[in-house]
Colleague: 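Okay, handing you the structure first.
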Amino acid sequence: MEKDFELFDKMRAHEQVVFCNDPSTGLRAIIAIHNTTLGPALGGCRMQPYNSMDEALEDVLRLSKGMTYKCAAADVDFGGGKAVIIGDPKTDKSPELFRAFGQFVNSLAGRFYTGTDMGTAMEDFIHASKESNFINGLPVEYGGGGDSSIPTAAGVLHGIKATNYMLFGNEELGGHSYAVQGLGKVGFKVACGLLEAGAHIFVTDISKESLHAIELKAETTSGKVTVIAKEDIYSQPVDIFVPCAFGGIINDNTITQLKVKAIVGAANNQLLNDKHGNMLHEKGILYAPDYIVNSGGLIQVADELYGINHDRVLAKTKRIYDAILEVYKEASNTGKTTEESANQMCEKRIADRTKRNSFFTSPEKPKWSIRNLS
């Protein structure tokens, strides 16, 4: 009998999980709403060819929970959610598929807002927005905030500045060395910012074009770039490791190779599991929790609900500096890992909001007051 309810056990910490199926378009997707204490759930939609439904479910549950903490840390009026579409983004996309997905999002009546993530692009959600007002991160010409990698990269640089202040007593980016893993939309902008400040960066990426582009960029700055093999990125004797590609890259194998003082990067879910935060702590490597460092894009899409204002977004993104310093100081005072300190900070914000909600509201069904995007 218990085996019949294993699926519910997996979803125990979540408020709602929606399985979306539309055979006519080939859409197979899962939407997970983790926690709406702080507001409607917000989270991107990624598309990839998962090997099984269980793998897709595990990913969306993990990612949506992470969004709850990310929204709490960024102090935006949203809770955590996420969506995944099962399919190959290179071959399985179609306007009809994303319109069907938009219909499922719309059926949630504002409990979930979404937009682009890994494997999807802003252009995909132009189609979804024809079916739902609960789509964020659209191109500027469609009323959205545009490229969210700009504030995301800015936030990473603020996180690095805070880390430099903690390590060296000053926040200057130049005069230090960095190992940058990944030169995608965010990683390339971060690398450019470091070069412009006069830093020496060691970079790796699977794209030869991106590597060539960063070398050309270095020629116009006071910084220096060294291209290295992808397997050598972890063993570079630099000040800070800056992961901007895949998750789970801080693990048993890579930690033994690290020769850095700190890790600050844009990649999601950098720690393979909680024990690796403890291992970094024991090794004396300062770790900036990724969901705080990379929250610039989240800040932009959340801010869209109040009207597009890039100056306001960048001003709020600067607060990542203060948030990272707060986490470092709390961890130093308590002896906890930085990940534990960040999580407790977020959990306290959610608990405080829960208390306020219970005091000021009647026990009726929640009514979302945030307006629809037009």
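Sequence positions, counted from 1, serve as the residue numbers for this chain.
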Colleague: Between Asp92 and Arg28, is there a salt bridge with N-O shorter than 4.0 Å?
Modeller: no

Colleague: Classify the side-chain pair Asn170/Asn164 by whether it contains a donor and acceptor separated by less than 3.5 Å.
Modeller: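 No, no side-chain donor-acceptor pair sits under 3.5 Å.
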
Colleague: Do the charged groups of Lys275 and Asp252 touch, with an N to O distance under 4.0 Å?
Modeller: yes

Colleague: For the residue pair Tyr50 and Asp59, confirm or rule out a side-chain donor-acceptor distance under 3.5 Å.
Modeller: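 Yes.
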
Colleague: Hey, quick one: are Ile299 and Tyr113 part of the same hydrophobic cluster, counting side-chain heavy atoms closer than 4.5 Å, chains of contacts allowed?
Modeller: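 The answer is no; the residues belong to distinct hydrophobic clusters.
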
Colleague: Determine whether the side chains of Thr317 and His158 contain a donor N or O and an acceptor N or O closer than 3.5 Å.
Modeller: no

Colleague: State plainly whether the residues Asp303 and Lys316 are in salt-bridge range, i.e. N to O under 4.0 Å.
Modeller: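 The answer is no: the pair does not qualify as a salt bridge.
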
Colleague: Could you state the interatomic distance from CZ (Phe241) to OG (Ser177), rounded to the nearest 0.5 Å?
Modeller: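 Phe241 CZ to Ser177 OG: 13.5 Å, rounded to 0.5 Å.
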
Colleague: Within the supplied structure, the quantity of interest is the number of heavy atoms (other residues, nucleotides, ligands) at a distance under 6.0 Å from Ile206 CD1; does it exceed 12?
Modeller: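 No, the 6.0 Å shell around CD1 holds no more than 12 heavy atoms from other groups.
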
Colleague: Cluster question for you: counting only ILVMFWY and a side-chain heavy-atom cut-off of under 4.5 Å, with indirect links fine, are Ile150 and Tyr321 together?
Modeller: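 In one cluster with Ile150: Tyr321, no.
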
Colleague: Check Val293 against Ala288 and note the closest heavy-atom contact, atom names and distance.
Modeller: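 Closest approach of Val293 to Ala288: CG2-CB, 3.6 Å.
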
Colleague: Any salt bridge linking Lys161 with Glu172? Criterion: basic side-chain nitrogen under 4.0 Å from a carboxylate oxygen.
Modeller: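 Salt bridge absent between Lys161 and Glu172.
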
Colleague: Under the side-chain hydrogen bond (donor to acceptor under 3.5 Å, both in side chains) rule, what pairs show up with a residue in residues 327-336, not counting sequence neighbours?
Modeller: Thr163-Tyr328

Colleague: Are the charged groups of Lys93 and Asp124 less than 4.0 angstrom apart, N to O?
Modeller: yes

Colleague: Does the pair Arg319/Asp322 count as a salt bridge with the N-to-O cut at 4.0 Å?
Modeller: no

Colleague: Does Ile285 belong to the same Ile/Leu/Val/Met/Phe/Trp/Tyr cluster as Leu271, with side-chain heavy atoms less than 4.5 Å apart forming each link?
Modeller: yes

Colleague: Could you state the interatomic distance from CE (Met345) to CD1 (Ile292), rounded to the nearest 0.5 Å?
Modeller: 4.0 Å

Colleague: Can Asp54 and Lys10 be counted as an ion pair, charged N to O under 4.0 angstrom?
Modeller: yes

Colleague: Any side-chain donor paired with an acceptor under 3.5 Å for Asn343 and Tyr291?
Modeller: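 Per modelled atom types, Asn343 and Tyr291 side chains form a pair under 3.5 Å.
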
Colleague: Quick one: do the Thr152 and Ser148 side chains pair a donor with an acceptor below 3.5 Å?
Modeller: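 Thr152 vs Ser148: no donor-acceptor pair found between side chains.
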
Colleague: Taking NZ, NE, NH1 and NH2 as the nitrogens, is one of them in Asp9 or Arg12 under 4.0 Å from a carboxylate oxygen of the other?
Modeller: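 Salt bridge between Asp9 and Arg12, a charged N being under 4.0 Å from a carboxylate O: yes.
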
Colleague: State plainly whether one hydrophobic cluster holds both Met53 and Val17, where clusters connect Ile, Leu, Val, Met, Phe, Trp and Tyr through side-chain heavy atoms under 4.5 angstrom apart.
Modeller: yes

Colleague: Applying ring-ring contact (aromatic ring centres under 6.0 Å, His included), run through Phe125 and Phe98 and close with a yes or a no.
Modeller: CA-CA 7 Å; Phe125 289 92; Phe98 279 92; 5.5 Å; yes

Colleague: Please find out if less than 6.0 Å separates the ring center of Tyr178 from that of Phe202.
Modeller: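 That pair fails the under 6.0 Å test.
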
Colleague: On the 0 to 90° scale, with breaks at 30° and 60°, tag the His176-Phe168 ring pair as parallel, tilted or perpendicular.
Modeller: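 Aromatic pair His176/Phe168 classed parallel.
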
Colleague: Can you give me the closest heavy-atom contact between Gly182 and Cys244, atom names plus distance?
Modeller: O-CB, 3.8 Å

Colleague: Taking only residues two or more places apart in sequence or in another chain, which ones pass side-chain hydrogen bond (donor to acceptor under 3.5 Å, both in side chains) with Asp22?
Modeller: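 Asp22: side-chain hydrogen bond (donor to acceptor under 3.5 Å, both in side chains) contacts with Ser24, Thr25.
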
